[in-house]
Structures are given as C-alpha cells and as structure tokens.
Amino acid sequence: MRIPFLLALAVAACGNAAPPAVEPVAVESAAVPFDARDAARMGEGRLRYAGGIVLRSEVSWFGGLSALRCPDRCYAVGDAGVFLSFDRVERNGKLVGIENVQGGALRDQDGAAGDKATRDAESLVLSPGGSDALIGFERTNSLWVVPLGQPEWRARQVYRLPEMKDWPLNGGAETLAMLPGGVPLVIAEEAAGGGDRPGIAIGAVKRPDGTRANLAFRYRPPADFSPTDAALLDDERLIILNRAFSPLTGVAMALVEVPLADIREGATVSGREIVRLRPPASIDNMEGLDIRREDGRVFIYLVSDDNFNAAQRTLLLKFELLPE
C-alpha cells in the first residue's frame, strides 16, 4: 500500500528480516468487539460480526499483512517479504484466536531473500488444487508461483506480464482473485495517470488455435477508495475489498460486488457497493479478504496491514454475509 515517505524509511531501517526457512512463530491474540463504544452493535447492513482478534508478536518482521486465503488452513503475505500460515480457532461459530503459526521469508528462484524494496508482497491466491500459491508484488510488478508444503517458500516461476510493466511503483498488484476455471485476476491499487485501475484476467481469452491471451479491463472503485483484495462470492460474482484513508476521517473500508459477466475486454467495471465501515467499527487498514461457505452460509474473513506502525493494528475479523 502507499505509505508516507518517513514511515517507509522507518520500515526499511527496522530490520524486518524473516527467517530463511519456515519456522514456528509465537503470536498472541486478544478479542476485539465490533464497536468498542456500543457493545450491542454486532454489524452493519448485511455484515453480522462473528468475532475478531488483534494479533501481536515479539518478532520484528511480524506485521504488514496484505492478503489472506483461508480454505482450511490460512495463508497470508506481508510487505516485508513474509509468508505466514496458521489455523483459525473458532468456538460456537465465533473467531477467537489462531494457532500453529508458521512463518518465513519469500525467497526467489535462487533462494535469496529480500526486503520491502524487492519483496513487497501484496496479493495472494491459491491454485485450484491448493498445492501452489500465486503471489503478487508491488515495486517489481511481478507474480510468483510458490509451492506450499516445502521447508522454505521459494519461487518456482516468476512472471512479469507486459500489461503490468507500467503499473505504479507503489500501487501495483494489490489485488488477486482466482476466477472459475483457474483464471487468475489481478488489479492494480492505483493507475499511472490516476482514475480507473487497470486489471488483467490472465489467460481468460481462448484463441481459435487453442492458445490463450490475457483480458484487459479497468476497475472503478468507490470515490476516494482503492482496491486491496478480492474473492469469489460464487461462480457469477466477485467481492472486491476497498480501502480509504483521510487524515480528517481516518480509515474506511467498502465491499463491492462485481458480476463476472461485466469483466470483458476493454470494459470498465464498478459493481455495486454492499457495505461500508468506518470507526467506531473495529477496522484498520483493511487489505486482505477471503470468503468461505459453510452449511449454505457465507463468511467473510478480513485482515489489516499495520504498516509496522505502533499506532495501527493487525486485525483478523470474521463476518457472516447475510442474504439480501
């Protein structure tokens, strides 16, 4: 995400180097209410609060979480080139903690680690079979395929798509989602000239000779918001998480529903906003989103990026998305 210059210097100077191999990480969690000022408030609109926690760790590289996937075990990536996995702890349908946390550095094909300048991981999806992660990086505007279940998280392939080469240095591959048929979709946080954000559905166009081409489109977020993550609601709809910040009003988040049929070559999609949250709701710089279905119900998980700033928090939240 875009952060002030002095804060970026502080992040670069604090030595947030993750371990080279995957290892256990001690993480503490504490419950947070949906609204600290009103204990009876349990949601907004179609979102019903199903528990949330603030995460803390003594290790210097923990934080900056920018993407989230929770098929069963959860996975997250962070600004300092960190990859985490953990299990959720839920009781009576409420999120109350995490356990079995493991973390390590994202390593390139040669096994080298990096820092925020070269490992600013901002987005994440899992392959349809769950054996690989596809991770999007700002600054380098690249996509890595990283096998899971290995003693270290090392890239097997690195892709630099020509459509992404001019995406903003600090506003690139912020959002990834996996569309039906195993088609990755990536959206930039910002546009080089401002305005609608460029997006690509990778390999979505099937040519007559059987080869595939990328589909280019644009996404128009709500005014003053930027996209930070996305996940499929079902085979016909995508939910995009959007984040905003103002020195006067603080942080805000908005969920936008986009019909997949609207994502066509050259189209500009804006979708339909289904909910917006601001403090005193317990939110921060919300950057990661995943959606789970259980017994016909839809649950949304969100994670925040604390930017390694003591004034911010790493939040993991759970909501039920109620039917219309």
Side-chain angles (χ1 to χ4, degrees), residues 66-69 71 75 77 83 106 108-109 121-150 153-168 171-192 195-221 227-241 256-271 289-291:
S66 300
L68 179 70
R69 294 295 172 229
Y75 298 89
V77 294
F83 199 3
L106 285 165
D108 65 20
Q109 290 169 295
E122 293 288 342
S123 51
L124 165 71
V125 290
L126 304 183
S127 63
S131 60
D132 296 323
L134 180 66
I135 300 171
F137 293 83
E138 287 187 339
R139 302 175 187 269
T140 60
N141 285 331
S142 59
L143 300 171
W144 289 16
V145 176
V146 177
L148 303 178
Q150 304 297 316
W153 282 311
R154 180 188 292 210
R156 187 175 65 222
Q157 286 105 16
V158 174
Y159 298 97
R160 291 181 174 85
L161 304 182
E163 296 95 334
M164 295 171 59
K165 67 181 180 65
D166 294 325
W167 286 9
E174 184 78 24
T175 295
L176 267 173
M178 189 65 74
L179 302 185
V183 173
L185 177 144
V186 57
I187 303 173
E189 180 185 8
E190 305 291 345
D196 302 333
R197 280 47 166 186
I200 308 164
I202 301 171
V205 179
K206 187 175 181 179
R207 299 188 180 105
D209 63 0
T211 60
R212 291 190 172 270
N214 298 335
L215 181 155
F217 68 100
R218 287 191 170 264
Y219 170 63
R220 181 172 297 164
T228 59
D229 208 350
L232 280 181
L233 178 58
D234 52 35
D235 286 344
E236 297 181 347
R237 294 172 293 174
L238 183 73
I239 298 292
I240 299 179
L241 171 64
V256 171
E257 179 185 300
V258 175
L260 296 185
D262 290 356
I263 300 175
R264 304 182 305 275
E265 178 66 34
T268 297
V269 301
S270 56
L289 161 79
D290 203 13
I291 297 175

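Asn141 places a side-chain N or O within 3.5 Å of a backbone atom of Met164 that can act as its donor or acceptor partner. The backbone N or O of Ala173 sits less than 3.5 Å from a side-chain atom of Ser123, completing a donor-acceptor pair.
Checked against salt bridge (Lys or Arg N to Asp or Glu O under 4.0 Å), Arg197 has the following partners two or more places apart in sequence or in another chain: Glu190. Applying the salt bridge (Lys or Arg N to Asp or Glu O under 4.0 Å) criterion to Arg218, with sequence neighbours excluded, gives no partner residue. For Asp209, the side chain to side chain donor-acceptor pair (under 3.5 Å) test picks out Thr211, with sequence neighbours left out. With sequence neighbours left out, the salt bridge (Lys or Arg N to Asp or Glu O under 4.0 Å) criterion links Arg220 to Asp196.
Taking both residues in full, the closest heavy atoms of Trp144 and Ala155 are given as CE3-CB, 3.5 Å, listed atom of the first, atom of the second, then distance. Here the shortest heavy-atom pairing between Leu143 and Gly136 reads CD2-CA, 3.7 Å. Residue Ile291 comes nearest to Ala231 through the heavy atom pair CD1-O, 3.9 Å, listed as atom of the first residue, atom of the second, then distance. Nearest heavy atom pair, residue Glu189 against residue Pro227, reads O-CD, 3.7 Å.
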Yes or no on side-chain contact (heavy atoms from CB on, under 4.5 Å) for Val186 and Trp167, after CA distance, side-chain angles and deciding distance?
CA-CA 12 Å; Val186 57; Trp167 286 9; 3.9 Å; yes
Can Val125 and Arg69 be said to form a side-chain contact (heavy atoms from CB on, under 4.5 Å), step by step?
CA-CA 7 Å; Val125 290; Arg69 294 295 172 229; 3.6 Å; yes
Passes side-chain contact (heavy atoms from CB on, under 4.5 Å), Leu185 versus Ile187? Steps please.
CA-CA 7 Å; Leu185 177 144; Ile187 303 173; 3.6 Å; yes
Under the side-chain contact (heavy atoms from CB on, under 4.5 Å) criterion, do Leu215 and Val183 qualify, and how do the steps go?
CA-CA 10 Å; Leu215 181 155; Val183 173; over 6 Å; no
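At least one side-chain heavy atom of Leu260 sits less than 4.5 Å from a side-chain heavy atom of Leu179. Contact of the Ile202 side chain with the Leu161 side chain is registered, since non-hydrogen atoms from C-beta on lie closer than 4.5 Å. Counting only heavy atoms from C-beta outward, the side chains of Phe137 and Val77 never approach each other to under 4.5 Å.
In this structure, CG on Leu124 lies 6.0 Å from CD1 on Ile135, to the nearest 0.5 angstrom. The distance from atom CG of Leu126 to atom CG of Asp132, rounded to the nearest 0.5 Å, is 9.0 Å.
A donor-acceptor contact under 3.5 angstrom links the side chains of Glu122 and Ser66, judged on distance only.
A side chain to side chain donor-acceptor pair (under 3.5 Å) check over residues 257-269, counting only residues at least two apart or in different chains, returns the pairs Glu257-Arg272. The side chain to side chain donor-acceptor pair (under 3.5 Å) contacts involving residues 157-166 comprise Glu163-Asn214, where partners must be two or more places apart or lie in separate chains.
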